[in-house]
2 protein chains.
Amino acid sequence: MNSQAPTLAVSTVIFALRATDSDEATPGTLWLPLVRRIREPFEGRWALPGGPIGGDESLADAAARNLLETTSLTSRYLEQLYAFGTVDRSPSQRVVSIVYWALVRPDEAERAAESENVRWFAADDLPSLAFDHNTIVEYALWRLRNKMEYSRIAHAFLGERFTLTQLREVYEAVLRKPLDPANFRRQIESTKSVVATDERLAGGRHRPPRLYRYNESFDLADNGPLPVL
Amino acid sequence: MNSQAPTLAVSTVIFALRATDSDEATPGTLWLPLVRRIREPFEGRWALPGGPIGGDESLADAAARNLLETTSLTSRYLEQLYAFGTVDRSPSQRVVSIVYWALVRPDEAERAAESENVRWFAADDLPSLAFDHNTIVEYALWRLRNKMEYSRIAHAFLGERFTLTQLREVYEAVLRKPLDPANFRRQIESTKSVVATDERLAGGRHRPPRLYRYNESFDLADNGPLPVL
DNA sequence: ATCAGTTCAAGTCAATTGCACCTTTACTCG
DNA sequence: CGAGTAAAGGTGCAATTGACTTGAACTGAT
């Protein structure tokens with residue numbers, strides 16, 4: 001029996017929407033940045049960004065800091081996913097990982113410049129990752145898709161102003177199914193989660209769509225009485 | 001800056017339904033067992049049962065073991081709630097608590113004999129607890145009530161066989177609102193989550209209700225692709 | 001043995017919601 | 001100015017929900 005105290009760490013699954021490189025017309029697919037491990041175990045393999053928890057920071061703070069340090073990313077949406085702690089998830093050493101998931105907007109995503117040790121991957125087409133990180137990403141994907149249907153987190157993928165078509169395309173990319181534009185419009189408008197501005201987006205070869213913004217006084221996440229992160 | 005590694009612990013919020021002592025007719029209210037702290041900090045105050053994680057057990061195993069050791073309770077339903085880790089939640093020492101929540105059936109609940117250091121409390125009427133445990137219970141209550149509406153966890157409060165009225169009383173006790181018996185019956189039957197047996201419950205001064213059992217091939221919790229606990 | 005009381009069980013109906021499809025409007029580009 | 005395109009708004013059907021009603025089955029008391 002190994003009576004050594006487990007090591008505690010935080011990791012983060014980051015999601016962003018990016019246009020598929022080859023085809024500009026496709027609505028966009030779900031991507032996530034991974035970092036290459038530079039030491040054993042799993043040296044050279046891709047893994048979720050993460051690290052230890054500082055003595056003077058909360059768990060969410062630690063997740064955000066590790067995110068910034070390893071990928072230069074910041075996020076407007078960060079939520080705890082799950083604590084993973086089976087005995088065999090890391091060889092030789094017992095590690096308990098408290099995993100967060102984050103949504104970043106396109107402008108924020110630009111900061112995660114690809115390098116030798118940071119690369120974006122399509123969420124549906126990942127390589128074999130270090131530790132149990134494939135399992136973790138799968139669970140995060142399930143949570144994202146689940147939460148997409150009963151909350152308004154989709155907004156965290158977009159910038160300040162957006163059209164309803166752009167918002168719908170976020171849903172379509174994450175849920176991987178087409179949505180009826182008319183019904184989508186009605187549903188979103190009925191929730192009052194967005195506010196119409198009097199601006200419009202010109203440039204397309206069609207009627208210019210109205211730009212919307214978030215309704216600040218609207219709970220996007222629906223996480224109950226959780227202590228503020 | 002305190003660079004000491006945080007201490008890791010598991011705690012569990014346990015829910016059970018018990019008839020209100022004074023009035024046998026009331027459908028039952030939500031209760032949870034607490035243990036009295038026998039050392040500083042918060043010596044003498046009531047707290048959630050919990051303890052350290054052994055080197056050879058998973059997080060859920062640790063929660064179940066601590067549950068058994070401190071309250072003699074076992075549970076058929078145990079799910080991770082949240083990891084709490086703000087810096088100031090415990091004085092003098094940095095503690096990260098991975099909290100589980102459990103549902104126990106009436107026959108299981110009997111095992112938690114009240115003693116000097118274990119006592120049942122009504123969920124809506126708790127004293128001031130140790131650490132941030134009041135916050136934790138509040139969040140667990142929110143999760144329970146939330147999950148009650150989209151999953152079939154209510155069954156975890158009942159024994160092998162039960163009437164639809166008993167099942168409805170579970171919902172009424174947890175959600176704190178009366179439900180129409182006829183509509184409730186229709187909804188439950190449409191989900192196929194229960195199977196009618198040909199037994200009936202005799203003894204009441206009325207038409208004997210049919211007994212039902214769980215549908216084993218039905219996912220009660222809807223927790224996605226989480227690794228099996 | 002009959003009756004009163006209680007609860008199970010099944011059915012009705014109106015209101016609401018969700019979803020598929022259709023029409024009109026307003027703009028850009030050639 | 002006309003063709004093309006997507007926004008914006010509307011219509012109707014099907015499924016679901018909630019309030020209510022009715023009849024059946026059983027126990028315990030008279």
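Just the heavy atoms: all of them, side chains too, but no hydrogens, waters or symmetry mates, feed the values below. Chain letters run A, B, ... following the sequence lines, proteins first, then strands; residues in each count from 1.
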Peer 1: How about A:T163 and A:R210: does a side-chain donor come under 3.5 Å of a side-chain acceptor?
Peer 2: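 There is no such pair between these side chains.
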
Peer 1: Rounded to whole Å, please give me the gap between NE2 in A:H206 and C1' in D:dA3.
Peer 2: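 Going from NE2 in A:H206 over to C1' in D:dA3 covers 15 Å.
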
Peer 1: Which part of the nucleic acid, if any, lies within reach of A:R186 when heavy atoms closer than 4.0 Å are counted: base, sugar-phosphate only, or nothing?
Peer 2: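 Base, at least one base heavy atom under 4.0 Å.
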
Peer 1: Does A:E160 come within less than 4.0 Å of A:R213, counting only side-chain N to carboxylate O?
Peer 2: no

Peer 1: Between the side chains of B:D132 and B:T135, is a donor N or O closer than 3.5 angstrom to an acceptor N or O?
Peer 2: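 The answer is no; no qualifying pair exists.
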
Peer 1: Identify the residue among A:F162, A:Y212, A:F218, A:Y171 that makes a ring pair (Phe, Tyr, Trp, His ring centres under 6.0 Å) with A:H155.
Peer 2: A:F162

Peer 1: Are any of A:R200's side-chain N or O atoms less than 4.0 Å away from OP1 or OP2 of D:dA8?
Peer 2: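 Yes, such a contact exists.
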
Peer 1: Separation of B:R185 atom CZ from C:dG11 atom P, in whole Å?
Peer 2: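 It is 12 Å, rounded to the nearest whole Å.
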
Peer 1: Roughly, in whole Å, what's the span from CD1 in B:I188 to P in D:dT17?
Peer 2: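 So the CD1-P distance, B:I188 to D:dT17, works out to 11 Å.
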
Peer 1: Return the value, rounded to whole Å, for the distance between atom OH of B:Y212 and atom C1' of C:dA9.
Peer 2: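 Computing the B:Y212:OH to C:dA9:C1' distance gives 8 Å.
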
Peer 1: Have a look at B:R210 and say if it touches a base, only the backbone sugar-phosphate, or nothing, with a 4.0 Å heavy-atom cut-off.
Peer 2: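 Sugar-phosphate, no base atom in range.
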
Peer 1: Just the rounded figure in Å: distance from P of C:dT17 to OH of A:Y150.
Peer 2: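 Result: 22 Å.
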
Peer 1: Would you say the side chains of B:E79 and B:Y77 form a donor-acceptor pair under 3.5 Å?
Peer 2: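 Distance-only check passes for B:E79 and B:Y77.
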
Peer 1: Would you mind reading off the distance between A:L201 atom CG and C:dA26 atom P, rounded to a whole angstrom?
Peer 2: 18 Å

Peer 1: With a cut-off of less than 4.0 Å, is there a side-chain N or O of B:Q187 near OP1 or OP2 of D:dG18?
Peer 2: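 Checking D:dG18 against B:Q187, a side-chain N or O does come within under 4.0 Å of OP1 or OP2.
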
Peer 1: Using the side chain to side chain donor-acceptor pair (under 3.5 Å) rule, take A:R186 and A:N183 through it: C-alpha gap first, then chi angles, then the decisive distance, then the call.
Peer 2: CA-CA 5 Å; A:R186 244 187 331 185; A:N183 295 332; 2.6 Å; yes

Peer 1: Between N or O atoms, less than 3.5 Å apart, protein on one side and nucleotides 22-24 of chain C on the other: list the pairs.
Peer 2:
none

Peer 1: Taking CG from B:N183 and P from D:dT16, how many angstroms apart are they, rounded to a whole number?
Peer 2: 14 Å

Peer 1: To the nearest Å, how far apart are A:E149 CD and C:dT17 P?
Peer 2: 19 Å

Peer 1: Are B:T165 and B:P181 close enough that some pair of their side-chain heavy atoms sits under 4.5 Å apart?
Peer 2: no

